[in-house]
Undergrad: 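First, the structure itself, so that you have it in front of you.
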There are 2 protein chains.
Amino acid sequence: MTLNTMQQKIDLNQIPERSLHLFKLLVEHFIQDGQPVGSRTLARDTDLELSPATIRNVMADLEEMGLLHSPHTSAGRVPTVKGYRLFVDSLLRVHALNEREIEHIAEELKSRQDMQSLLQRTSNMLSDITRLAGIVTLPRQDQHALKHVEFVSLSDDRILVILVINDNQIQNRIINTARVYTPSELQQASNYLNQKFAGKDLATIRAGILSELKRMKDNVSQIMQTAIEMAQQAFLKNDTGDDFVLAGQTNLMDVAELCDVERLKKLFNSFNQKRDILHLLEQSIHARGVQIFIGEEAGYDVLDNCSVVTSPYEVDGQILGVLGVIGPTRMHYERVIPIVDITAKMLGLALNSQN
Amino acid sequence: MTLNTMQQKIDLNQIPERSLHLFKLLVEHFIQDGQPVGSRTLARDTDLELSPATIRNVMADLEEMGLLHSPHTSAGRVPTVKGYRLFVDSLLRVHALNEREIEHIAEELKSRQDMQSLLQRTSNMLSDITRLAGIVTLPRQDQHALKHVEFVSLSDDRILVILVINDNQIQNRIINTARVYTPSELQQASNYLNQKFAGKDLATIRAGILSELKRMKDNVSQIMQTAIEMAQQAFLKNDTGDDFVLAGQTNLMDVAELCDVERLKKLFNSFNQKRDILHLLEQSIHARGVQIFIGEEAGYDVLDNCSVVTSPYEVDGQILGVLGVIGPTRMHYERVIPIVDITAKMLGLALNSQN
DNA sequence: TTTTGCACTCTTACCGTGAGAGTGCTAAAT
DNA sequence: ATTTAGCACTCTCACGGTAAGAGTGCAAAA
């Protein structure tokens with residue numbers, strides 16, 4: 001399996017077979033142990049019978065093309081971002097996971113719980129088996145169907161709204177009201193709303209509420225009026241800010257190239273602010289299959305030296321969200337990619353079986 | 001305001017006034033800039049007209065008593081854990097917060113929302129104004145009153161249970177059932193349970209359910225049976241593991257004495273596992289007022305070089321949980337202590353006003 | 001086109017040195 | 001009996017020099 005290219009600046013045919021082979025070897029070597037790779041090492045490791053000098057020439061060419069880089073005169077070479085791109089898009093062959101691993105993932109995801117917990121668990125699992133940071137976005141709820149709405153009076157002017165969305169997502173909100181509502185009013189209101197809106201998606205419901213409000217001037221049953229008053233607040237778009245779950249951040253502290261407190265702090269802060277990471281993830285929500293962001297390619301400089309491997313997850317062909325893994329550019333892509341891929345699929349299945 | 005002592009190994013009267021004065025000065029100096037403090041510096045900074053040599057003698061005595069420590073021969077002195085203890089318990093005078101600060105805290109806490117969000121917000125605020133890590137435990141729910149229970153059918157064998165506890169805490173659980181329940185069955189069951197158990201605390205309810213189960217053999221109305229079946233699962237004790245909210249961990253990355261990736265990793269991991277931290281916090285749940293844990297005093301070696309300042313928060317005289325701040329032993333106690341103190345009180349007020 | 005040989009560069013670890021900071025001790029001063 | 005001055009001592013830290021090692025690039029030979 002070879003990944004489809006995202007941006008193809010390099011013409012594969014322009015590069016001799018042998019150079020590509022050596023390049024691939026070099027990247028693999030570097031991913032393995034993080035040290036710049038020199039010509040001697042490479043000569044020893046390949047079955048091509050070549051002298052270090054020849055390999056030096058090849059490496060010089062590759063450097064010219066912008067695929068490699070020397071930290072300094074007498075260090076070996078290290079892949080550039082462009083180099084990683086080429087490697088990942090055209091050279092890498094991922095291993096299929098063995099059955100035991102697949103089994104393990106399936107096992108981990110099959111428990112029957114609400115969606116939030118399931119996603120949390122997925123994130124944990126991703127970080128555990130990759131030893132990197134796992135990330136899973138919560139689904140946008142707009143396009144999903146309301147299953148049930150319920151009101152509970154908390155105090156004179158505070159009402160708890162419970163929205164059940166799509167059979168497995170539960171959302172609680174508290175709304176403040178201008179007057180006291182009796183339990184039976186609330187009961188009737190929720191009956192009315194459930195009858196009218198259950199099964200519709202939230203965006204539609206919001207629109208529906210507005211049109212009801214207009215009609216209300218004319219013929220107003222008391223029940224309807226209460227219901228609509230409630231609903232107006234209850235269905236307000238709320239950006240919880242709680243848009244993804246992250247796990248295993250501490251795994252990143254083991255990675256040598258990120259092992260600088262300043263850098264780590266910036267990275268962790270951007271995890272907390274969520275904004276940048278969210279932007280990045282949104283970019284991949286409509287990609288088919290696994291997508292890979294390398295280093296600051298995407299323009300977020302906190303992600304310097306980091307790669308993000310993502311895949312959307314879906315139920316019934318509808319994309320709900322994105323999951324993936326954040327780690328150093330120097331990660332074992334051939335292992336991480338299929339893990340992300342399979343996990344996304346399994347999560348889709350797990351969510352589907354809940355209906 | 002002087003804090004009451006927790007363990008008093010040092011007899012204050014055994015130490016000359018002057019030594020105490022110098023000791024206090026030294027600790028304050030060290031807290032200020034983190035460098036070991038030498039005799040010259042101290043001689044310069046005090047208004048006592050003493051030569052460095054005299055001060056050296058005093059310092060030697062203090063070291064003898066185990067209050068100070070020299071990193072090496074020709075460094076200045078640094079407080080030991082025992083030294084901090086003395087400082088915090090007997091020497092420190094905390095500044096009252098100025099009105100602007102109190103105002104700010106009140107402002108931050110007065111929004112009317114559910115308890116979980118309020119606690120999250122409190123934690124954030126603590127970390128923001130102290131520039132350290134803020135922590136707030138979620139209340140143990142056993143002793144609190146059930147306000148309302150509600151069942152929603154999700155699919156044939158899955159039912160959503162919504163528990164409203166104490167007017168402001170909401171808990172969702174999903175339970176699996178052996179057979180299909182109709183909506184009206186669920187409705188009747190919840191009516192029954194609400195009528196029977198609303199206002200009682202969860203522990204009592206669990207006990208009540210057991211005794212109902214026994215009685216059931218005799219006279220069984222269908223409704224009751226359903227209700228008790230549901231309730232049995234619904235009120236199972238669940239340790240969510242989600243027992244405290246932490247904020248501002250990244251603030252700890254600025255602290256020089258923790259600025260070692262290994263150490264930070266251990267610390268963050270213990271935050272994630274929650275167990276140790278929770279144990280520590282539980283120790284202070286029945287203390288009156290602010291309590292301070294210094295370094296590995298409490299036996300958790302991840303907290304080496306860290307102090308934890310806590311205070312329980314309460315509503316109507318009943319302690320709900322604990323909040324506080326985690327930072328380096330070298331923190332500005334005279335500022336942090338009143339912040340934690342006031343925040344706990346304000347949080348109590350904020351929670352109270354919700355009823 | 002590939003290889004050999006070689007000079008060159010850069011990093012890293014190691015060592016020795018000297019300045020600076022702070023100590024402890026002894027003897028003198030108050 | 002304290003306090004102080006004087007002084008030798010110790011330890012850290014920053015600096016510079018050196019030598020080893022790794023890897024390069026280039027020119028000339030194969």
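A, B, ... follow the sequence lines: proteins, then strands. Residue 1 opens every chain.
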Undergrad: From D:dA5, C:dT23, D:dC26, pick the nucleotide closest to the side chain of A:Arg56?
TA: D:dC26
Undergrad: Determine whether a donor-acceptor pair (N or O, by modelled atom type, separation under 3.5 Å) exists between the side chain of B:Thr329 and the backbone of B:Ser307.
TA: no
Undergrad: Of all the nucleotides listed (D:dT24, C:dG24, D:dT3), which has the minimum atom distance to the side chain of B:Arg77?
TA: C:dG24
Undergrad: Measuring from the side chain of A:Leu50 (C-beta onward, heavy atoms only), which nucleotide among D:dT3, C:dT23, C:dT3 has the closest atom?
TA: C:dT3
Undergrad: State the CG-CE distance between B:Leu62 and B:Met65, to the nearest 0.5 angstrom.
TA: 4.5 Å
Undergrad: For B:Glu49, which contact category applies under a 4.0 Å heavy-atom criterion: base, sugar-phosphate, or nothing?
TA: sugar-phosphate
Undergrad: Would you confirm whether A:Lys265, through its side chain, and B:Asp254, through its main-chain N or O, come within 3.5 Å as a donor-acceptor pair?
TA: no
Undergrad: Looking at C:dT4, D:dA5, D:dG25, which one has an atom nearest to any side-chain atom of B:Ala53?
TA: D:dA5
Undergrad: What is the distance, rounded to the nearest whole Å, between atom CG of B:Asp61 and atom C1' of C:dT23?
TA: 15 Å
Undergrad: Got a list of protein N/O to nucleotides 8-10 of chain D N/O distances below 3.5 Å?
TA:
from	atom 1	to	atom 2	distance (Å)
D:dT10	O3'	B:Thr73	OG1	3.4

Undergrad: Closest nucleotide of DNA chain D for B:Pro71 versus for A:Glu63: which of these residues is on the 5' side?
TA: B:Pro71
Undergrad: Report yes if some heavy atom in the side chain of A:Phe30 is under 4.5 Å from a heavy atom in the side chain of A:Arg77; otherwise report no.
TA: no
